[in-house]
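Working notes, structure below.
What you are looking at is a predicted structure, and each value in this text was computed from that prediction instead of being measured.
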Amino acid sequence: MKKVKLFICVFAGICFVGGMFVYKLPAWFLGVLTSKYTDNRLLTREETGTFWSGSALLVASDKDNKRNIPLKRIDWQVKLGFKQFIVLNVKNSGNQLATISLQKDGVHVDALSTMLSMEQLVGFANNLSTLGLFGDVSLTGNQIILSKTNKGQINVNLDSVGSAMSPLNPLGSYTVTFNLANSQLDVQSTGGSILEVSGSGNAKSLSLTATVKPDNQDQLLQFMTMMGVPQGNGSYLLKVF
């Protein structure tokens, strides 16, 4: 009988200590999971709070994992569920940024919506860093699954893009689609762009074909020669990264 009571006391003590550890799980543990499910492309820094309710600086790593680019300060609340084992509501300055859930087939990301600066985006493309690019950058995504086989896509809208080196601004608006299943990047111009670009690549290499509207070719000749390699058909080859 004494052994049974002793066992119960020890078991209860272990459960209590384990429960307190889980309850006080530090915020950096979320960063460990973030890094794992994004292949070290997203990291957290300057974490505060706990795994269940915390805050951190979200950081992106470039294609060579050599440079970290600060993105946003995020806040989160974690809840437990059944089908969705863990549900994570992520916000930035009180605005909903994404809903993330851990399910049996991987990590689901829904209602992804945020704004970035052009400076942050150019951080992933060193070849464009000297052009003084500016414009509005919005990022959206839905029904994204991160697992051994990723699914879904991330859409980036670049509106009213211009350059401090160009005599004409804005140059245009563009869409970038990142397919998570095969890591393919597709870039297209939207209607009305002075500088029309198109091309495909991947997370490690992206080159674009650029064409200037006939009425603006003389004004942008010097700028385009500096930015890309002239081609025989009048277009320019732009090496983004």
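Using a 4.5 Å heavy-atom threshold, the side chains of Leu133 and Leu128 count as touching. Contact of the Glu47 side chain with the Phe29 side chain is not registered, since no non-hydrogen atoms from C-beta on lie closer than 4.5 Å. Side-chain contact check for Leu42 versus Leu71: some heavy-atom pair is nearer than 4.5 Å. Within the 4.5 Å cutoff, the side chain of Glu46 has no heavy atoms near those of the Ser55 side chain. Between Ser166 and Leu220, some side-chain heavy-atom pair lies under the 4.5 Å cut-off. A 4.5 Å side-chain heavy-atom check between Val78 and Leu88 finds at least one atom pair inside the cut-off. Here the side chains of Thr209 and Gln231 are not in contact, with every heavy-atom distance at 4.5 Å or above. With contacts defined as side-chain heavy-atom distances shorter than 4.5 Å, the pair Leu139/Ile154 qualifies.
Using a distance-only test at 3.5 Å, with no hydrogens or angles considered, no donor-acceptor pair links the side chain of Asp39 to the main chain of Arg41. The backbone N or O of Leu30 sits less than 3.5 Å from a side-chain atom of Thr34, completing a donor-acceptor pair. Using a distance-only test at 3.5 Å, with no hydrogens or angles considered, a donor-acceptor pair links the side chain of Gln120 to the main chain of Pro70. Remark: the backbone N or O of Arg73 is paired with a side-chain donor or acceptor of Asn92 at under 3.5 angstrom. For the pair Asn127 (side chain) and Lys239 (backbone), a donor-acceptor distance under 3.5 Å is present. Formation of a donor-acceptor pair under 3.5 Å by the Ser193 side chain with backbone atoms of Thr190 is found in this model. Between the side chain of Glu196 and the main chain of Thr211, no donor-acceptor pair closer than 3.5 Å is present. Without hydrogens or angle criteria, Gln77 side chain to Asn89 main chain gives no donor-acceptor distance under 3.5 Å. No donor-acceptor pair closer than 3.5 Å links the side chain of Gln84 to the backbone N or O of Ile86.
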Side chain to side chain donor-acceptor pair (under 3.5 Å) between Glu119 and Ser117, intermediate numbers included: CA-CA 5 Å; Glu119 182 180 2; Ser117 70; 5.0 Å; no
Please assess Ser101 against Phe85 for the test side chain to side chain contact (heavy atoms under 4.5 Å, CB included), listing each intermediate value before the final yes or no. CA-CA 7 Å; Ser101 61; Phe85 306 134; over 6 Å; no
One pair to check against side chain to side chain donor-acceptor pair (under 3.5 Å): Gln188 and Asp186. What are the steps and the verdict? CA-CA 7 Å; Gln188 294 290 335; Asp186 293 303; over 6 Å; no
For the pair Thr38 and Leu146, evaluate side chain to side chain contact (heavy atoms under 4.5 Å, CB included) and give the outcome as yes or no after the intermediate values. CA-CA 7 Å; Thr38 61; Leu146 303 177; 4.2 Å; yes
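The neighbour count for Gln96 CD, taken as heavy atoms of other residues, nucleotides or ligands under 6.0 Å away, is above 12. Environment of CE in Met165: sparse, with no more than 12 heavy atoms of neighbouring residues, nucleotides or ligands closer than 6.0 Å. Sparse packing is recorded around NZ of Lys91, with 12 or fewer heavy atoms of other residues, nucleotides or ligands lying under 6.0 Å away. In Asn233, the CG atom is crowded: over 12 heavy atoms of neighbouring residues, nucleotides or ligands sit closer than 6.0 Å.
Here the closest heavy-atom approach between residue Leu180 and residue Lys151 is recorded as CD1-O, 3.7 Å. When all heavy atoms are compared, the tightest approach of Phe241 to Ala203 is CE1-O, 3.6 Å. Annotation for Ser147 and Gly106: closest pair CB-CA, 4.0 Å, computed over non-hydrogen atoms. In this structure, Thr44 and Ala56 approach most closely via the heavy-atom pair CB-CB, 3.9 Å. Nearest heavy-atom pair across Thr48 and Ala27 is O-CB, 3.4 Å. Here the closest non-hydrogen pair linking Leu237 and Ser207 is CD1-CB, 4.1 Å.
Phe51 is connected to Ile74 through a chain of hydrophobic side-chain contacts under 4.5 Å among Ile, Leu, Val, Met, Phe, Trp and Tyr, so both are in one cluster. In the hydrophobic clustering of this structure, Val87 does not group with Ile100; members are Ile, Leu, Val, Met, Phe, Trp, Tyr whose side-chain heavy atoms approach within less than 4.5 Å, directly or through other members. Hydrophobic clustering (ILVMFWY, side-chain heavy atoms < 4.5 Å, transitive): Val107 and Leu43 are in distinct clusters. Hydrophobic clustering, with ILVMFWY side chains joined whenever heavy atoms are under 4.5 angstrom apart, keeps Val240 apart from Phe134. If you chain together hydrophobic residues whose side chains sit under 4.5 Å apart, Leu238 and Met118 fall into the same group.
Rounding to the nearest 0.5 angstrom, the gap separating the OG atom in Ser163 from the CG atom in Leu195 is 10.0 Å. Taken from CH2 in Trp28 to CG in Leu33, the straight-line distance is 10.0 Å, to the nearest 0.5 Å. Note that NZ of Lys213 and CG of Leu171 are 12.0 Å apart. Values are rounded to the nearest 0.5 Å. Here Leu112 contributes atom CG and Leu97 contributes atom CG; the two are 6.0 Å apart, rounded to the nearest 0.5 Å. Taking OG1 of Thr99 as the start and NE2 of His108 as the end, the distance is 13.0 Å to the nearest 0.5 Å. Atoms CG and CE, from Asn95 and Met115 in turn, are 11.5 Å apart once rounded to the nearest 0.5 Å.
Partners of Asn142 according to the side-chain contact (heavy atoms from CB on, under 4.5 Å) rule, which considers only residues two or more places apart in sequence or in another chain, are Asp110. Under the side chain to side chain donor-acceptor pair (under 3.5 Å) criterion, Ser189 pairs with no residue at all, not counting sequence neighbours.
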